[in-house]
Amino acid sequence: MKLISIIVPCYNEQEVLPLFYNEIQKIISGMQSEHKELEFELLFINDGSKDNTLMQLREMAKNDERVRYISFSRNFGKEAGMYAGLENAKGDYVVIMDADLQHPPKFIPEMYKYVTEQGYDCATTRRVSRKGESKIRSWFAMKFYKIMNKISQTEIVDGAQDFRFMTRQMVDSILSMKEYNRFSKGIFSWVGFNVKYIEYENVERAAGTTAWSFWKLFKYSLEGIFAFSTAPLALASLLGILSCLVSFIWIIAIVIKTLVFGENVQGFPTIMCAIFFIGGLQLFCTGILGQYLSKTYMETKRRPIYLASETEESVRKNLNEENK
Ligand code: UDP
Ligand code: MG
């Protein structure tokens with residue numbers, strides 16, 4: 001028997017959960033009729049939803065013993081959700097996918113084939129279009145991938161998503177990265193292995209709304225830069241060197257000017273400009289240092305990545321007691 005775990009992070013997904021459950025059921029029975037040795041578990045992560053997501057998960061776990069769930073004590077973010085899923089999944093193969101059907105379940109059988117028959121360690125999808133997304137958002141995304149891949153040793157693939165089918169070996173490698181500031185796009189790529197990209201057109205969310213505002217995405221991309229590149233630190237030194245060079249030339253010019261034309265009291269605006277410019281530069285560089293320092297600070301605290309307040313075990317226990 002081979003077990004496939006399907007991890008689904010959910011944050012306020014009451015509208016799409018029933019749809020998702022229906023779709024995934026179909027895929028599971030399809031795969032099981034083709035491969036008799038396959039078993040499945042559905043591991044939902046309730047990331048502190050404020051709607052009825054948890055109630056629905058309890059119901060599902062009651063009626064279907066393949067359904068498991070972990071409910072967080074508050075919203076910890078999708079990264080924490082994925083980590084919790086990977087940590088608790090028992091499968092020989094693990095799938096991570098969104099609840100909103102933007103990651104079409106129909107790809108799972110194809111991914112299974114790539115991994116089991118063609119020797120890949122991971123199969124994932126790559127959006128080749130960003131249909132249904134605003135122009136500005138796509139533009140920023142494009143720029144982000146350009147900059148990121150210039151300054152980071154880890155390749156971040158444009159359009160790559162968190163929809164992944166992985167072997168146990170790859171999952172264990174990802175889990176061995178214990179960092180608190182998790183940027184999955186980087187982590188998936190950093191661990192390496194043989195990855196198959198399946199290209200497809202972007203699909204819009206089946207129902208509900210996205211939790212990602214533009215601002216959140218922007219912060220997330222900075223997160224990625226600070227987690228997977230130290231180039232901003234080098235930028236500080238570079239700016240320092242440049243400004244030293246400029247001032248060196250400037251000093252020589254001023255000395256010569258003073259020697260030739262004598263001393264005068266003009267130049268107040270120049271001094272003010274220089275002070276403001278250098279001051280700004282220094283604050284900017286201190287800010288960059290601060291970013292890395294704060295990340296290090298959070299890492300050294302060694303706080304847990306997530307806290308669970310309830311799992312499917314409580315539902316199972318109740319069921320057992322009722323049966324007694
Ligand atoms: N999600 C989560 N925690 C969060 C935000 C999102 O677990 O704080 C889940 C969400 O339920 C969904 C997936 O992450 O299953 C992707 O979220 P969303 O569809 O809002 O993002 P988008 O597809 O717009 O990038
Ligand atoms: Mg989505």
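Start at 1 with the first residue, then count along the sequence. Read the numbers this way: they start at 1 and go in the same order the structure lists the ligands and their atoms.
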- Task: Describe, in one word, how the ring planes of F72 and Y306 are oriented to each other, choosing from parallel (under 30°), tilted (30 to 60°) and perpendicular (over 60°).
- Result: parallel

- Counting only heavy atoms, which portion of D98 has something under 4.0 Å from ligand 1: side chain, backbone, both, or neither? both

Ligand 1 atoms in contact with [X] (distance to a heavy atom under 4.0 Å):
X    : answer
G77  : 3 (N), 8 (O)
N75  : 4 (C), 8 (O)
Q102 : 19 (O), 22 (P), 23 (O)
E13  : 10 (C), 11 (O), 12 (C), 15 (O)
D100 : 19 (O), 23 (O)
D47  : 2 (C), 3 (N), 4 (C), 7 (O), 8 (O)

- Under 3.5 Å side-chain donor-acceptor pair for R127 and Q102: no

- Indicate whether the side chain of Y112 and that of E34 have a donor and an acceptor atom separated by less than 3.5 Å. no

- The atom name of the N, O or S atom in D100 nearest to the Mg ion (ligand 2) is OD2

- Message: To check your reading of the model: name the closest protein heavy atom to atom 9 (C) of ligand 1, its residue, and the distance in Å.
- Response: P9 O, 3.6 Å

- C10: heavy atom below 4.0 Å from ligand 1, yes or no? yes

- Message: With a sphere of 6.0 Å drawn around CD1 of I136, does it hold more than 12 non-hydrogen atoms of other residues, nucleotides or ligands?
- Response: no

- Would you please test Y83 and F76 for ring pair (Phe, Tyr, Trp, His ring centres under 6.0 Å) and show each step? CA-CA 11 Å; Y83 180 81; F76 278 86; over 10 Å; no

- Taking side chain as C-beta onward, heavy atoms only, is Y21 less than 4.5 Å from L57? no

- Query: Do D98 and Q161 come within less than 4.5 Å of each other through their side chains, counting heavy atoms only?
  - Reply: no

